[in-house]
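Let me begin by presenting the structure, written as structure tokens, before commenting on it.
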Amino acid sequence: IHVFDNAIQLPKIGRVKLKEQGYIPTWGVKVLSATVSEQAGRWFVSVCVEENRTEPEQATGTPLGIDLGIKTLATCSDGRTFANPKALRSRLKALKRASRKHSRKQKGSNNRKKAQRKLARLHARIGTIRRDALQKVTSQIVAKTKPYDERPSVIVLEDLHIQGMLKNRKLSQAISDVGMSEFKRQLTYKAMWAGSHVKEVSRWEPSSKTCSACRAVRETLDLSERVFVCHDCGNVIDRDLNAAYNLAALA
């Protein structure tokens with residue numbers, strides 16, 4: 001296996017030109033293996049390399065609490081919010097239309113194969129948009145927001161029972177469209193590279209029902225209430241931001 005700037009040489013296949021350039025390191029690393037895969041008519045190659053990495057400096061910034069949601073992908077205790085791209089919901093009509101066209105074609109015909117390729121490309125497009133948004137959001141969270149800011153020393157998330165949440169038939173599609181498990185996976189290894197630690201609090205912790213100002217806990221809080229109002233001190237704050245404050249306080 002030999003990697004060049006615009007091509008890669010693979011065993012038994014030979015030299016293949018790369019459409020995307022600059023992703024695979026060409027020097028300073030030891031190439032171990034290469035895996036070729038196909039998705040929706042497009043071919044990809046992933047290269048496993050071995051390189052020496054220096055130990056990251058321990059981050060010393062303020063602990064950061066992150067509240068994951070559906071309307072907003074992530075709300076941070078430092079005031080940053082990241083919108084949910086809603087990759088599936090925004091393309092659901094096109095997906096249904098392509099699925100109907102595929103099902104109406106005669107089995108074994110060339111038209112059915114064409115419709116199948118179009119449907120597969122649409123599914124791949126939805127997944128790509130979701131992964132791209134998660135990669136960008138998690139990278140921005142662990143990085144410095146400004147040159148004089150410090151990376152967060154601890155990032156606190158809530159241990160959500162995602163499988164149980166998916167049993168809600170009204171919200172299951174919206175929850176699965178967020179990709180919460182993938183968000184935690186990416187944030188965990190990126191935080192390790194940045195010298196931060198990721199901690200999870202218990203799913204039974206009332207982070208959404210607790211007032212971030214006076215620590216009073218409300219008995220009930222409907223999911224439709226997007227603004228948290230404390231009945232003790234009168235604090236009025238966004239529901240997700242209030243939960244992010246409480247998670248940061250548990251660092």
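Fair warning: this is a prediction, and the values are worked out from it, not measured in the lab. Sequential numbering from 1 along the given sequence is applied to the chain's residues.
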For Asp238, is there an ion pair with Arg226 - N to carboxylate O distance below 4.0 angstrom? no
What about Ile155 and Tyr189, same hydrophobic cluster or not, with Ile/Leu/Val/Met/Phe/Trp/Tyr joined at side-chain heavy-atom distances under 4.5 Å? no
Nearest heavy-atom neighbours spanning Asp232 and Ala216: OD2-CB, 3.2 Å
Are there more than 12 heavy atoms of other residues, nucleotides or ligands under 6.0 Å from atom CD of Glu57? no
Between the side chain of Ser99 and the main-chain N/O of Leu95, is any donor-acceptor distance below 3.5 Å? no
Has Arg91 got more than 12 heavy atoms of other residues, nucleotides or ligands less than 6.0 Å from its CZ? yes
Which atom names give the shortest non-hydrogen contact between Leu241 and Cys76, and what distance separates them? CD1-O, 3.5 Å
Under 4.5 Å between side-chain heavy atoms, hopping through other hydrophobics if needed: is there a path connecting Val198 to Leu73? yes
Quick check on Gln106: does its CD atom have over 12 non-hydrogen neighbours (other residues, nucleotides or ligands) under 6.0 Å away? no
Scan side-chain atoms only and decide if Lys190 and Ser139 contain a donor-acceptor pair under the 3.5 Å cut-off. yes
In Å and rounded to the nearest 0.5 Å, what is the CG to CG distance from Asp240 to Asn242? 9.5 Å
Output yes when a side-chain donor or acceptor of Arg130 lies under 3.5 Å from a complementary backbone atom of Asp177, and no otherwise. yes
Which heavy atom of Ile237 sits nearest a heavy atom of Ser212, and at what distance? CD1-OG, 4.1 Å
With no hydrogens and no angle check, is any side-chain donor or acceptor of Arg15 less than 3.5 Å from a backbone partner on Ala7? no
For Gly179 and Leu134 the tightest heavy-atom approach is O-CD1, 3.7 Å
Leu18 CG to Ile24 CD1 distance, which is reported to the nearest 0.5 Å: 5.0 Å
Short question: side chain of Asp159, backbone of Glu200 - any donor-acceptor pair under 3.5 Å? no
Indicate yes or no: does Lys209 engage Glu225 in a salt bridge with an N to O separation below 4.0 Å. no
Using a 6.0 Å cut-off, check whether atom CZ of Arg89 has over 12 heavy atoms from anything other than its own residue. no
Atom CD of Glu182 and atom CG of Leu187: how far apart are they, to the nearest 0.5 Å? 11.0 Å
How far does CZ of Phe228 sit from CG of Asn246, to the nearest 0.5 angstrom? 8.0 Å
So do Arg239 and Leu221 actually touch side chain to side chain, heavy atoms under 4.5 Å? yes
Grab the two heavy atoms, one from Ser90 and one from Lys86, that are nearest each other, plus how far apart they are. OG-O, 2.9 Å
Using side-chain heavy atoms (C-beta onward) and a distance below 4.5 Å, is Ser196 in contact with Val142? no
Could you measure the distance from the CD atom of Gln173 to the CG atom of Leu166? Nearest 0.5 Å is fine. 11.5 Å
Compare all side-chain heavy atoms of Leu160 with those of Lys184 and state whether any distance is below 4.5 angstrom. yes
Apply side chain to side chain contact (heavy atoms under 4.5 Å, CB included) to residues Gln39 and Phe44 and explain how you reach the verdict. CA-CA 8 Å; Gln39 183 182 15; Phe44 302 88; 4.0 Å; yes
So with a 6.0 Å cut-off around NZ of Lys118, is the heavy-atom count from everything else above 12? no
When you measure from the side chain of Arg42 to the backbone of Ala124, do you find a donor-acceptor pair of N or O atoms at a distance under 3.5 Å? no
With a 4.5 Å cut-off on side-chain heavy atoms, are Glu51 and Lys30 touching? no
Do the side chain of Thr72 and the main chain of Ala74 share a donor and acceptor less than 3.5 angstrom apart? no
Test of understanding: clusters of I, L, V, M, F, W, Y form through side-chain heavy atoms closer than 4.5 Å, transitively. Do Leu88 and Ile175 belong to the same one? no
If every non-hydrogen atom of Pro63 is compared with every non-hydrogen atom of Ser77, which pair is closest and at what distance? O-OG, 4.1 Å
Heavy-atom side-chain contact between Trp43 and Val16 under 4.5 Å: no
Looking at NZ of Lys136 and CG of Asp132, how far apart are the two atoms once the value is rounded to the nearest 0.5 Å? 4.0 Å
Under a 4.5 Å cut-off applied to non-hydrogen side-chain atoms, are Leu64 and Ile141 in contact? yes
Shared ILVMFWY cluster between Tyr245 and Val156, side chains joined below 4.5 angstrom? no
Is it true that atom CG of Asn6 has more than 12 heavy atoms of other residues, nucleotides or ligands lying nearer than 6.0 Å? yes
Looking only at atom types and distance, does a side-chain atom of Arg80 sit under 3.5 Å from a main-chain N or O of Gln140, one as donor and one as acceptor? yes
Audit row: Ser207, Glu158, side chain to side chain contact (heavy atoms under 4.5 Å, CB included) steps and yes/no: CA-CA 9 Å; Ser207 58; Glu158 189 176 5; 3.6 Å; yes
Main chain of Gly195, side chain of Gln58: is a donor-acceptor contact present, judged purely on distance under 3.5 Å? yes
With a 4.5 Å limit on heavy-atom distance, are the side chains of Val236 and Val227 in contact? yes
Side-chain (Arg112) to main-chain (His102) donor-acceptor, under 3.5 angstrom: yes
Check whether any side-chain heavy atom of Gln163 sits under 4.5 Å from a side-chain heavy atom of His161, and report yes or no. yes
Is it the case that more than 12 heavy atoms not belonging to Lys101 sit under 6.0 Å from its NZ atom? no
Between Glu50 and Val29, is the side chain to side chain contact (heavy atoms under 4.5 Å, CB included) condition met? List the steps. CA-CA 6 Å; Glu50 184 181 87; Val29 297; over 6 Å; no
Ile162 and Phe183: same hydrophobic cluster, using ILVMFWY side-chain contacts below 4.5 Å? yes
Determine, stepwise, if the pair Val47 / Val31 fulfils side chain to side chain contact (heavy atoms under 4.5 Å, CB included). CA-CA 7 Å; Val47 181; Val31 179; 3.7 Å; yes
Taking only residues at least two apart or on different chains, which pairs with a member in residues 60-69 satisfy side chain to side chain donor-acceptor pair (under 3.5 Å)? none
